[in-house]
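Treat the numbers as computed from the prediction; the structure is a model and nothing was measured. Convention: sequence-line order gives letters A, B, ...; per-chain numbering from 1.
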2 protein chains.
Amino acid sequence: MDVFKAVDMAVKGNIYEDGKVTSRTFWTSEGERKTVGIMLPGSYSFSTSTNEKMEITNGAVEVKLASGREWIGYSEGGFFLVPAGGSFEIRCDSLAEYVCSYS
Amino acid sequence: MDVFKAVDMAVKGNIYEDGKVTSRTFWTSEGERKTVGIMLPGSYSFSTSTNEKMEITNGAVEVKLASGREWIGYSEGGFFLVPAGGSFEIRCDSLAEYVCSYS
């Protein structure tokens, strides 16, 4: 089983869209803040206050960046970048999971 | 923010009930396996292969143990115990979160 080693993990989750998107903040041993999340089937939009790297760890999503015009697919192992102050739409037909890194 | 310090945390979540109940396995620095979970409003039943201690960390639930006849309420800070080989029904009217310890 893939694990994040020796992290500090928040007891309470981050809840979005009535719980259809949930994530949990954790801090790596180097002090980096990340979140690991679960997204139920649906279509969502998020805005960013810092640069974000969204890595898909399970399932598949389609993403349309505010700066883009078309939907781009990402599946397990894929990632996309969203600049600070940006926003993106994201949708999935079945449950997907992700890790978000901030910079 | 309350955190679990220096744990190993699974990258992928544990998905139940079409994602209405999700949890994430983690191991404490003493090697104890636990899960931290999020439960969307609904009614669910679970069976146990080991002894379980379910601590409510957010929201409130009602629980009926297989050995019991009535529903008992637990809210944040409360916990209930389920013996190995047992089962329980659990329901919540709004999103609840929990930590499960195994022994």
Side-chain angles (χ1 to χ4, degrees), chain A residues 1-44 53-61 75-79 91-102, chain B residues 1-44 53-61 75-79 91-102:
Chain A
M1 182 185 290
D2 282 341
V3 299
F4 295 105
K5 299 289 286 180
V7 300
D8 293 345
M9 182 185 75
V11 171
K12 290 190 179 178
N14 309 308
I15 312 297
Y16 309 98
E17 304 275 359
D18 294 330
K20 293 184 71 178
V21 179
T22 59
S23 73
R24 191 165 305 273
T25 305
F26 67 99
W27 294 262
T28 67
S29 41
E30 293 81 34
E32 262 187 294
R33 179 175 70 94
K34 294 175 183 273
T35 55
V36 60
I38 298 174
M39 189 173 287
L40 300 189
S43 187
Y44 313 101
K53 176 181 180 182
M54 286 279 287
E55 298 170 84
I56 305 306
T57 55
N58 186 23
V61 301
S75 55
E76 191 169 333
F79 70 89
R91 62 188 183 194
C92 56
D93 295 333
S94 55
L95 184 142
E97 297 186 66
Y98 65 87
V99 174
C100 186
S101 305
Y102 305 86
Chain B
M1 182 186 288
D2 282 342
V3 300
F4 296 106
K5 298 289 286 180
V7 300
D8 292 348
M9 182 186 75
V11 171
K12 289 190 180 180
N14 310 308
I15 312 298
Y16 308 98
E17 305 276 358
D18 294 329
K20 291 184 72 179
V21 179
T22 59
S23 72
R24 190 165 305 272
T25 305
F26 67 98
W27 295 262
T28 67
S29 44
E30 293 80 32
E32 262 186 295
R33 180 175 69 95
K34 295 175 180 272
T35 55
V36 60
I38 297 173
M39 189 173 286
L40 299 189
S43 189
Y44 314 101
K53 176 180 182 183
M54 285 279 288
E55 298 171 82
I56 305 306
T57 55
N58 187 23
V61 301
S75 54
E76 190 168 334
F79 70 88
R91 64 188 182 194
C92 56
D93 296 332
S94 54
L95 183 142
E97 298 185 65
Y98 65 88
V99 173
C100 186
S101 306
Y102 305 85

Looking at A/Asp18, A/Leu40, A/Val36, which makes the most heavy-atom pairs under 4.5 Å with chain B?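 Sorted descending by pairs with chain B, the first entry is A/Val36.
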
Establish, for the pair A/Lys53 and A/Phe79, whether the NZ or CZ atom is under 6.0 angstrom from the six-membered ring centre and no further than 45 degrees off its axis. yes

Partner of B/Thr25 by side-chain hydrogen bond (donor to acceptor under 3.5 Å, both in side chains), out of B/Asp8, B/Thr35, B/Asn14: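 Single pass found, and it is B/Asn14.
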
Centres of the A/Phe26 and A/Phe4 rings: under 6.0 Å? yes

Decide yes or no for B/Glu55 and B/Tyr98: does some side-chain heavy atom of the first lie under 4.5 Å from some side-chain heavy atom of the second?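 No, every pair of side-chain atoms sits at 4.5 Å or beyond.
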
Top contributor to chain A contacts, counting heavy-atom pairs under 4.5 Å, from B/Met9, B/Glu97, B/Arg24: B/Met9

Please identify, among B/Lys5, B/Lys12, B/Met39, B/Lys20, the residue contributing the most non-hydrogen atom pairs under 4.5 Å to chain A. B/Lys12

Checking A/Glu76 against chain B: side chain, backbone, both or neither under 4.5 Å from a heavy atom?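 Contact with chain B is through the side chain of A/Glu76 alone.
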
